[in-house]
Amino acid sequence: MPPHPLTVPLADFAAETRELLARLGRTRVLVYPELHLCGVDTSRGGVRQQLRDAAEPLDGPRVAELAELARELGIWLLPGSVVERGENGELFNTALAFSPEGRLAASYRKIFPWRPYEPYDSGDRFVVFDLDGIGQVGFAICYDIWFPEVARHLAWMGAELIVNPVMTTTKDRAQELVLVRAAAIVNQVFVVSVNTAGPTGTGHTLVVDPEGAVRTEAPGDAPAVVTDLLDLDEVARVRTHGTAGVNRMWDQFTDADAPIELPLYEGRIDPRRWRPAGHPPPATS
């Protein structure tokens, strides 16, 4: 959907979610695009100041109101990202997840702002959270998906589903669609990439399975509701039997293999630490 202007009260968003759930009553998780509640008026300039004026800390009224909305609806609410004011006055682009009990279950600050165009400070950690014991979910906001290190770390931390809220307004959505599928394939995870609709964004939201197949999508930029029913146990199946029945990347190494130096990161791949959280070691013959 297109973003809600910063000046519009959250009551409008609450009404939108109630209307959706009236039609889709069995929904358990509701996901929105990047900065869905923080649309700026580009016609009057001063975008950075608009964002700074709208920024709130995570203990502010906006988060409290969203938490109460999730509790009222009894669902997992992922309202996209919001403009967060950091402890030292930083400006973060932060994705949020609220539990059906009205708890802020996770917050993730975008590590890779789209520079030089975005005014945000960078986050400094990857975030994975537990979805009611059903599975592990990680966040990657928009431009993060261009950096394979993000999806790789989320999968290594145990993520079975990567939620990718996006506000792409430019012509590179076609490339992003390739990257979303690639992230799913090389990490054997589900990826849900939810983009802002027109006229602000370029749309084309999609859900990709752990083998890279597009399960469902909104092919254009018109506002749309995309629904799907995901079985996160598919991740374990694909990792056990391999992508296309042959590729088991997480079982590539044995503990006897020598570490591989990574000069770019001043680090290394240690075969003994390669497998993701919860992934069993390979069977020995």
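Nearest heavy-atom pair across A184 and D209 is CB-O, 3.4 Å. Shown here for R275 and D251, the closest heavy-atom pair between the two residues is NE-OD1, 4.0 Å. Residues V235 and Q188 come closest through the heavy atom pair CG1-O, 3.3 Å. The two residues W156 and W250 have their closest heavy-atom pair at N-CH2, 4.1 Å. For the pair H36 and P2, the tightest heavy-atom approach, listed with the atom from each and the gap, is CE1-O, 3.2 Å. Nearest approach of D221 to G201, heavy atoms of both residues: CB-O, 4.0 Å.
With rounding to the nearest 0.5 angstrom, the CZ atom of F190 is 12.0 Å from the CD1 atom of I162. The CD1 atom of I260 lies 10.0 Å from the CG atom of D270; values are rounded to the nearest 0.5 Å. One distance of note links CD of E118 with CZ of F112; it measures 13.0 Å at 0.5 Å rounding. If you take OH on Y120 and OG on S81, they are separated by 7.0 Å, rounding to the nearest 0.5 Å.
Identified under the salt bridge (charged side-chain N to carboxylate O under 4.0 Å, His left out) test for residues 53-70, with sequence neighbours left out: E68-R71.
If you look at F13 and Y32, their ring centroids are closer than 6.0 Å. Ring centroids of F129 and F139 are separated by less than 6.0 Å, placing the two rings close together.
Donor-acceptor pairing under 3.5 Å is recorded for the side chains of R115 and S122. Using modelled atom types and a 3.5 Å distance limit, the side chains of R109 and N93 yield no donor-acceptor pair. With hydrogens and angles left out, the side-chain atoms of S193 and E176 include no donor and acceptor closer than 3.5 Å.
Summarising the local packing, CG of L229 is surrounded by 12 or fewer heavy atoms from other residues, nucleotides or ligands at distances under 6.0 Å. More than 12 non-hydrogen atoms from other residues, nucleotides or ligands lie less than 6.0 angstrom from CD of E19.
Between W146 and Y143, the ring planes are tilted. Angles from 30° to 60° get that label.
Remark: E234 engages R237 in a salt bridge (charged side-chain N to carboxylate O under 4.0 Å, His left out) (not counting sequence neighbours). Every residue meeting the salt bridge (charged side-chain N to carboxylate O under 4.0 Å, His left out) condition with E72, not counting sequence neighbours, appears here in chain and number order: R18.
Counting heavy atoms from C-beta outward, C142 and T168 have side chains that approach closer than 4.5 Å. A heavy-atom distance below 4.5 Å is found between the side chains of L6 and V40. Side-chain contact between V29 and T27 is absent, with no heavy-atom pair separated by less than 4.5 Å.
Residues V191 and I134 fall within the same hydrophobic cluster, defined by Ile, Leu, Val, Met, Phe, Trp and Tyr side chains chained together at heavy-atom separations under 4.5 Å. The hydrophobic clustering, which links ILVMFWY residues whose side-chain heavy atoms are closer than 4.5 Å, places V31 and L161 together. Residues W114 and V194 are members of one and the same hydrophobic cluster, defined by side-chain heavy-atom contacts under 4.5 angstrom among Ile, Leu, Val, Met, Phe, Trp and Tyr.
In this structure, the side chain of R181 does not engage the main chain of V208 through any donor-acceptor pair within 3.5 Å. Side chain of D121 to main chain of L91: a donor-acceptor pair is present (N/O by atom type, distance under 3.5 Å, no hydrogens or angles).
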Would L96 and V82 satisfy side chain to side chain contact (heavy atoms under 4.5 Å, CB included), going step by step from the backbone distance to the final call?
CA-CA 8 Å; L96 306 174; V82 297; 3.7 Å; yes
Passes side chain to side chain contact (heavy atoms under 4.5 Å, CB included), L69 versus L77? Steps please.
CA-CA 8 Å; L69 177 61; L77 177 63; 4.0 Å; yes
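Checked for salt-bridge contact, D255 and R272 miss the test: no charged N lies under 4.0 Å from a carboxylate O.
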